[in-house]
Amino acid sequence: KYRAILARSGVTLNILPSAGSLENLKRLDDPAFRVDIGFVQSGVTNGINTANLVSLGSVAYEPLLVFYRSPTPLELLSELSGKRLAIGSVGSGTRFLASSLLAVNGIEPGGATTLLDLDAEEATKALIAGTVDAVFLTSDSASTQNMRDLMRTPDIRLFNFTQADGYARRIHYLNKAELPQGAIDFGKNIPAQDVYLVAPTVELIARTKLHPALVDLLLEAAREVHGNATLLQRRGEFPAPVEVDYHLSDEARRYYASGKSFLYRSLPFWLASRVNRILVAIVPMLFVLIPGLRLIPSAYQWQIRLRIYRSYRALLTVEREAFPNITPQEREALLTRVNHIEKTVNKMKFPASFADQFYGLRQNIIFVRTKLTAAPAPH
């Protein structure tokens with residue numbers, strides 16, 4: 001479904017089959033593996049470094065369905081101790097979750113309970129055939145037909161997590177879900193009563209380097225695929241900005257707050273992505289250039305002041321040398337220097353804002369020349 005939706009915007013999605021959430025997570029964490037996004041069951045970090053990964057949000061509940069063969073209902077998972085349990089294939093989220101729940105009920109590998117690595121199809125057949133006593137399935141691993149077959153088989157029951165609230169509070173990534181009475185088959189009233197389940201969520205996980213343009217596109221696809229009502233969720237409940245083990249990406253956070261960005265609302269995806277790339281390149285340059293442009297007037301004003309200060313410095317030097325006992329030759333030399341300063345000043349171009357300083361400088365030149373001309377002759 002994602003591939004078909006993305007294709008409408010000219011984006012090709014390559015699908016890479018895997019053993020499940022753990023393998024998806026390992027692939028995302030491995031820089032050498034070519035992958036951009038993956039579906040990962042919440043809670044399945046298993047010591048893997050997630051610093052370079054971000055979440056685009058949760059897209060669905062992943063309820064755990066425990067089917068068992070018994071003439072009477074079981075109340076607690078601990079009652080499965082000593083039996084043959086199919087808990088999912090190695091690397092799957094089903095196996096990780098089943099192992100976690102069994103562990104808090106005192107059932108560990110190597111004990112009296114037999115834990116079997118069967119996939120959903122094999123596990124379903126084995127339970128119907130009576131070669132296992134219980135199977136652990138999740139909605140992504142078990143087909144609807146498998147679940148219908150199990151629920152319609154005599155003496156096979158769906159485990160009711162009466163302690164669902166307790167599991168959800170103790171294990172942070174679990175949620176309480178409810179399968180309503182008759183939801184599978186109204187005519188045969190299957191299930192015969194409301195059944196409580198525990199459910200992690202499925203998160204859409206990406207590498208931090210995923211292009212921001214793709215985030216909007218992926219979340220639009222997620223809304224189209226996962227936004228409808230199901231047996232366990234309300235319409236519009238997913239995708240949702242639920243953070244469990246991964247930081248929600250900034251682009252996803254913006255999407256959940258305000259929807260698609262202006263470019264992607266207003267332009268075709270191919271054009272919006274190109275414009276976005278241009279803006280990504282230009283905007284940082286503007287942040288550098290704008291402060292620089294603001295400095296240009298200040299630099300220009302300082303340059304003008306510096307030229308005025310240089311003329312004043314030369315004029316002050318002349319005035320200091322014009323002490324009373326100077327010879328006529330020295331006076332002529334100083335007057336020549338004053339004339340040179342005046343010519344230099346007259347060639348300068350000043351903006352109107354510096355008119356007062358310009359005319360003040362010219363008046364001071366005239367003052368020094370007058371002082372030199374009126375100086376008494378030496379005795």
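Computation of the quantities below employed the complete heavy-atom set of this structure, encompassing side-chain atoms and omitting hydrogens, waters and symmetry-equivalent molecules. Note that the structure is a prediction, hence the values are computed from the model and not measured.
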Sub-4.5 Å side-chain heavy-atom contact between T124 and F67 | no
Q) Are I205 and V54 side-chain neighbours, meaning at least one heavy-atom pair lies under 4.5 Å? A) no
Problem set entry | R69 side chain vs L127 backbone, donor-acceptor pair below 3.5 Å | yes
ask   = Does L150 reach the side chain of L65, with side-chain heavy atoms less than 4.5 Å apart?
value = no
- request: Assess the side chains of N24 and S18: does a donor N or O sit below 3.5 Å from an acceptor N or O?
  value: yes
- Message: Please check this pair: side chain of N175 against backbone of A199, looking for a donor-acceptor N/O pair closer than 3.5 Å.
- Response: yes
request  = Verify whether one side chain among T94 and T138 offers a donor that lies under 3.5 Å from an acceptor in the other.
outcome  = yes
Between I308 and R305, is there a side-chain heavy-atom distance shorter than 4.5 Å? no
I'd like to know if the side chain of H211 pairs up with that of D36 as donor and acceptor (distance under 3.5 Å, no hydrogens or angles considered). no
Show, in sequence, the C-alpha distance, side-chain angles and deciding distance for R8 and E224, and conclude whether the salt bridge (charged side-chain N to carboxylate O under 4.0 Å, His left out) test is met.
CA-CA 13 Å; R8 298 201 297 254; E224 187 172 336; 2.8 Å; yes
Checking the side chain of T113 only, and the main-chain atoms of P109 only, is there a donor and an acceptor separated by less than 3.5 Å? no
- Side chains of Y167 and S100 in contact at under 4.5 Å (non-hydrogen atoms): no
**Distance-only donor-acceptor check, side chains E203 and S58, under 3.5 Å** = no
Side chain of E220, backbone of L217: donor and acceptor closer than 3.5 Å?
-> no
inquiry  = Between D133 and R84, does any NZ, NE, NH1 or NH2 come within less than 4.0 Å of an OD or OE carboxylate oxygen?
reply    = yes
| said: Closer than 3.5 angstrom, by distance alone: can the side chain of D155 be matched with the main-chain N or O of P71 as a donor-acceptor pair? | reply: no
Original post:
Side chains of I171 and L101: does their closest heavy-atom pair fall under 4.5 Å?
Top reply: yes
Checklist entry - Are side-chain heavy atoms of K83 and L85 found at a separation under 4.5 Å? => result yes
Query raised in the report: Do K125 and D119 meet the salt-bridge criterion of a basic N to acidic O distance under 4.0 Å?
Result: no
Exercise. Check the side chains of R369 and N339 for a donor-acceptor pair under 3.5 angstrom, ignoring hydrogens and angles.
Key: yes
Does the R207 side chain pair with the main chain of L28, one donor and one acceptor, at a distance under 3.5 Å? yes
Could you tell me whether E23 and K26 make a salt bridge, using a distance below 4.0 angstrom between a side-chain N and a carboxylate O?
no
Verify whether one side chain among E237 and Y61 offers a donor that lies under 3.5 Å from an acceptor in the other. yes
Are L74 and L80 close enough that some pair of their side-chain heavy atoms sits under 4.5 Å apart? yes
Side chain to side chain donor-acceptor pair (under 3.5 Å) assessment of Y312 paired with N364: CA-CA 9 Å; Y312 269 117; N364 286 319; 3.0 Å; yes
Measure from the side-chain N and O atoms of S92 to the backbone N and O of G88, and report whether any donor-acceptor pair falls under 3.5 Å.
no
Q) So is K176 actually on top of Y196's ring, under 6.0 Å and inside 45° of the axis? A) yes
